[in-house]
**Student:** 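Have a look at this one before I ask anything.
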Amino acid sequence: MRIGIVGLGRMGGNIAVRLTRHGHEVVVHDRDAATVEKTVARAQGSLATPAASLAELVTLLGEGSAEGTRRVVWSMLPAGEITEETVMSLAGLMGRGDIIIDGGNTYYKDDIRRAQVLAEKGIDYLDIGTSGGVWGLERGYCMMYGGDKQAADYIDPILSALAPGKGDIPPTRGRERDGLDPRAEQGYLYCGPAGSGHFVKMVHNGIEYGMMQAFAEGFDVMHRKDSPLVAEGERFSLNMADIAEVWRRGSVVSSWLLDLTAEALARTGDLSEFSGEVSDSGEGRWTIEAAIEEAVPVPVMTAALFTRFRSRSGNTFAEKILSAMRFGFGGHVESKD
């Protein structure tokens, strides 16, 4: 299948490369020409074609050489104005039957609005919540997507190539019953109408905040056990790297986040390379806003978000743990002052 990719950052470039490894042709564009060159160089064979502009990208995708062929463009840009401009610019260049995908972390209500606008032009809009960070090139991407079902089915070969597949994860007992989507076991899932994919990914990231915060606080409690605040006979000097490692081996809290924490602690036990000033990318806030609209209590996620706010005016070992995990899964660099 042939697809355009706009935005070749940490995830967009790897998505393009992974698709070429599965035999798909990609036309790639980024505002940074050097990034385009690097992506084309990393791609499999000659399956990646550079485009100097959005207009050239759409032209290179062609009008469709065979009956039923539709032009497909995947935008992988930060949420906000740049994505809005890109989607609307593409809408002006593409035509009836074409498909525009937003794979970034867009606010789901923006997806609903855009889908309605593009539908008037006969263009299908799909929102794809994409999780996998900098590891997705090799591991694959977990994807949650929404929009027109027919358009979603049309790009299934693309999604199947990007997804991690079943791998060595044991089957979930009970999934043999009717009504469950077998693609979920492959790591991608059609969620429903436009906006539903990013909504599910938004809540996913809100949960991620809470899980990361629990690890961060727990390690901080252990880290401070030899503090002068503790009675002298009750102090322990604990090795954080070894604790993280032993928890990885059969513990009920074993997870990818714990794996990343263990790697960071193994490198430098004090995490001195991290500032502990933890950013939030929007999804945590939006999840809490949705919870307020639905009158659903989410105290853990709310506290986790507020802790990130506080970390920017003074931080602890807990915030360094958060920084280490964010760097591990997403390559988020937070330099010290």
Side-chain angles (χ1 to χ4, degrees), residues 1-28 38-40 42-45 47-48 72-77 99 101-106 126-147 151-172 175 180-191 196-205 207-208 211-212 248 254-260 263 281 283 325-332:
M1 193 168 180
R2 192 169 173 84
I3 183 173
I5 308 288
V6 179
L8 305 175
R10 285 190 298 260
M11 290 180 68
N14 283 347
I15 284 173
V17 172
R18 184 174 173 88
L19 286 174
T20 65
R21 290 182 179 181
H22 285 78
H24 296 285
E25 297 180 57
V26 298
V27 181
V28 294
K38 289 178 183 177
T39 302
V40 172
R42 292 168 55 215
Q44 190 76 26
L47 292 176
V72 181
V73 179
W74 182 310
S75 170
M76 200 65 188
L77 296 165
I99 300 171
I101 301 166
D102 178 9
N105 284 324
T106 288
L126 299 175
D127 56 288
I128 301 183
T130 311
S131 182
V134 295
W135 299 89
L137 176 60
E138 304 299 336
R139 289 168 57 110
Y141 299 91
C142 174
M143 293 169 291
M144 304 131 266
Y145 54 104
D153 289 343
Y154 181 82
I155 67 161
D156 192 79
I158 294 294
L159 301 177
S160 177
L162 291 174
K166 288 186 177 181
D168 57 2
I169 299 174
T172 300
R175 281 201 61 86
L180 298 179
D181 191 335
R183 289 172 297 189
E185 293 181 307
Q186 301 291 334
Y188 66 112
L189 178 68
Y190 176 74
C191 298
S196 62
H198 276 149
F199 181 81
V200 173
K201 176 59 163 54
M202 177 189 78
V203 177
H204 163 282
N205 284 26
I207 293 169
E208 177 187 293
M211 293 173 66
M212 292 172 68
R248 294 181 64 221
S254 59
S255 65
W256 188 29
L257 291 175
L258 181 59
D259 293 346
L260 298 171
E263 289 179 13
S281 53
E283 298 87 353
M325 283 188 277
R326 292 186 82 244
F327 177 77
F329 67 72
H332 303 289

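Remember, predicted model here, so these are calculated numbers, not experimental data.
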**Student:** Might you point out which heavy atoms bring Ala16 and Thr39 nearest each other, and give the distance in Å?
**Tutor:** CB-CG2, 4.1 Å

**Student:** Does Arg175 reach the main-chain N or O of Asp181 with its side chain, forming a donor-acceptor pair under 3.5 Å?
**Tutor:** yes

**Student:** What heavy-atom pair brings Gly146 and Ser196 nearest, and what distance separates the two atoms?
**Tutor:** CA-OG, 3.6 Å

**Student:** Is the side chain of Trp135 donor-acceptor paired with the backbone N or O of Gly328 at a distance under 3.5 Å, no angle test?
**Tutor:** yes

**Student:** Can you check whether Tyr141 reaches Ile128 side chain to side chain, under 4.5 Å on heavy atoms?
**Tutor:** no

**Student:** Where is the tightest heavy-atom contact between Gly12 and Ile5, given as atom of each residue plus distance?
**Tutor:** O-CG2, 3.9 Å

**Student:** Less than 4.5 Å apart, any side-chain heavy atom of Asn14 and any of Arg10?
**Tutor:** no

**Student:** Could you tell me which residues satisfy side-chain contact (heavy atoms from CB on, under 4.5 Å) with Asn105, sequence neighbours excluded, listed by chain and number?
**Tutor:** Lys201, Asn205, Glu283

**Student:** Hey, what do you get for CD1 (Ile207) to CE (Met212), rounding to the nearest 0.5 Å?
**Tutor:** 14.0 Å

**Student:** With rounding to the nearest 0.5 angstrom, report the NE2 to CD1 distance, His24 to Ile158.
**Tutor:** 4.5 Å

**Student:** Asp156 vs Arg183, test: side chain to side chain contact (heavy atoms under 4.5 Å, CB included). Steps then yes/no.
**Tutor:** CA-CA 10 Å; Asp156 192 79; Arg183 289 172 297 189; 3.7 Å; yes

**Student:** Out of curiosity, His198 NE2 to Asp102 CG, how far, rounded to the nearest 0.5 Å?
**Tutor:** 4.5 Å

**Student:** Considering only heavy atoms from C-beta outward, does the side chain of Leu126 approach that of Tyr145 to under 4.5 Å?
**Tutor:** no

**Student:** Does any donor atom in the side chain of Asp153 or Tyr190 lie under 3.5 Å from an acceptor atom in the other side chain?
**Tutor:** no

**Student:** Run Tyr154 and Val72 through side chain to side chain contact (heavy atoms under 4.5 Å, CB included) and show every step you take.
**Tutor:** CA-CA 10 Å; Tyr154 181 82; Val72 181; 4.0 Å; yes

**Student:** Please examine the side chains of Arg42 and Leu137, heavy atoms only from C-beta on, and report whether any two atoms are closer than 4.5 Å.
**Tutor:** yes

**Student:** Parallel, tilted or perpendicular for Phe329 and Trp256, by the 30°/60° rule?
**Tutor:** tilted

**Student:** Can you tell me how far the CD atom of Gln44 sits from the CG atom of Leu19, to the nearest 0.5 Å?
**Tutor:** 12.0 Å

**Student:** Quick one: NE2 on His22 to CG on Leu162, what's the gap to the nearest 0.5 Å?
**Tutor:** 8.0 Å

**Student:** Could you grab the distance from atom CE of Met143 to atom OG of Ser160, nearest 0.5 Å is fine?
**Tutor:** 8.0 Å

**Student:** Using the rule given for salt bridge (charged side-chain N to carboxylate O under 4.0 Å, His left out), can you reason through Glu208 versus Arg326, listing the C-alpha separation, both sets of side-chain angles and the distance that settles it, and then say yes or no?
**Tutor:** CA-CA 10 Å; Glu208 177 187 293; Arg326 292 186 82 244; over 6 Å; no

**Student:** Which pair of non-hydrogen atoms, one from Asp127 and one from Gly197, has the smallest distance, and what is that distance?
**Tutor:** OD2-N, 2.9 Å

**Student:** Would you check if the side chain of Arg248 reaches a backbone N or O of Ser254 as a donor-acceptor pair within less than 3.5 Å?
**Tutor:** no

**Student:** With side chains defined as the heavy atoms from C-beta onward, is the minimum distance between Met1 and Ile155 less than 4.5 Å?
**Tutor:** yes

**Student:** Between the main-chain N or O of Ala163 and the side-chain N or O of Arg18, is there a donor-acceptor pair closer than 3.5 Å?
**Tutor:** yes

**Student:** How far apart are the closest heavy atoms of Val26 and Thr20, and which atoms are they?
**Tutor:** CG2-CG2, 3.6 Å

